Amino acid sequence: QVQLVESGGGLVQPGGSLRLSCAASRNIATIYIMGWYRQAPGKERELVATLTSGAYANYADSTKGRFTISRDNAKNTVYLQMNSLKPEDTAVYYCNANIRTDWSTTRDYWGQGTQVIVSS
């Protein structure tokens with residue numbers, strides 16, 4: 001069980017940068033996978049980036065080279081640094097925790113989301 005709260009969204013011009021934060025209610029060092037997802041108006045939620053407890057990062061093709069996911073275990077916080085933002089990055093961004101509940105199953109937990117708008 002974990003509660004997640006996102007922050008850091010806002011309005012930014014194309015080519016600009018934002019850093020999103022996800023504050024967790026518990027220690028995140030042993031959580032199987034932390035991640036960021038996004039959902040644009042009228043579209044399905046999609047993966048942005050994930051980070052395992054072993055520090056292996058995975059990115060969607062559309063964000064590779066521009067976005068960086070990281071964690072600070074001492075602060076129970078996961079970050080998403082977004083550079084070279086494009087209008088198509090506009091979406092609500094959600095923090096995700098994938099927690100292993102037993103030897104064979106996991107469960108997903110979600111934050112409330114933070115809005116990112118990329119526009120001139």
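Note that the structure is a prediction, hence the values are computed from the model and not measured.
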ask   = Is K64 salt-bridged to D61, going by a charged N under 4.0 Å from an acidic O?
value = yes
Nearest non-hydrogen partners of [X] and [Y], listed with the distance:
{"X": "A57", "Y": "Y59", "value": "CB-CE1, 3.8 Å"}
{"X": "T77", "Y": "S21", "value": "CG2-CB, 4.3 Å"}
{"X": "I28", "Y": "D72", "value": "CD1-O, 4.4 Å"}
{"X": "S120", "Y": "P14", "value": "N-CD, 3.7 Å"}
{"X": "A91", "Y": "A40", "value": "CB-N, 3.8 Å"}
{"X": "N27", "Y": "N76", "value": "CA-OD1, 3.3 Å"}

Nearest 0.5 Å, what's the [atom1]-[atom2] distance between [X] and [Y]?
{"X": "F67", "Y": "S17", "atom1": "CZ", "atom2": "OG", "value": "9.5 Å"}
{"X": "L80", "Y": "I69", "atom1": "CG", "atom2": "CD1", "value": "6.5 Å"}
{"X": "L18", "Y": "L11", "atom1": "CG", "atom2": "CG", "value": "9.0 Å"}
{"X": "T63", "Y": "K86", "atom1": "OG1", "atom2": "NZ", "value": "10.0 Å"}

Examine distances only and state if a side-chain atom of [X] and a backbone atom of [Y] form a donor-acceptor pair shorter than 3.5 Å.
{"X": "R66", "Y": "S84", "value": "yes"}
{"X": "E6", "Y": "Q112", "value": "yes"}
{"X": "Q13", "Y": "V118", "value": "no"}
{"X": "R71", "Y": "T52", "value": "yes"}
{"X": "Q81", "Y": "T68", "value": "no"}
{"X": "E46", "Y": "R38", "value": "no"}

message = When you compare the side chains of Q3 and S25, does any donor N or O come within less than 3.5 Å of an acceptor on the partner?
response = yes
Report yes if some heavy atom in the side chain of [X] is under 4.5 Å from a heavy atom in the side chain of [Y]; otherwise report no.
{"X": "R45", "Y": "N96", "result": "no"}
{"X": "L20", "Y": "V116", "result": "yes"}
{"X": "L4", "Y": "Y94", "result": "no"}
{"X": "Y37", "Y": "V92", "result": "no"}
{"X": "C95", "Y": "W36", "result": "yes"}

In one Ile/Leu/Val/Met/Phe/Trp/Tyr side-chain cluster, 4.5 Å: L47, Y32 = no
request  = Answer with yes or no whether the hydrophobic clustering places I31 together with I33; edges join I, L, V, M, F, W, Y residues whose side-chain heavy atoms lie under 4.5 Å apart.
outcome  = no
message = So for atom CD, which belongs to E88, do other residues, nucleotides or ligands contribute more than 12 heavy atoms lying within a distance under 6.0 Å?
response = yes
query = Should we say atom OH of Y79 is surrounded by more than 12 heavy atoms from elsewhere, each under 6.0 Å from it?
reply = yes
message = Assess the residue pair Q1 and Y109 against the criterion (side chain to side chain donor-acceptor pair (under 3.5 Å)); give the C-alpha distance rounded to whole Å, side-chain angles, the decisive distance to 0.1 Å, and a yes or no.
response = CA-CA 8 Å; Q1 300 284 333; Y109 297 85; 3.2 Å; yes
V2/M34 under side-chain contact (heavy atoms from CB on, under 4.5 Å): CA gap, chis, key distance, verdict = CA-CA 11 Å; V2 64; M34 299 294 301; over 6 Å; no
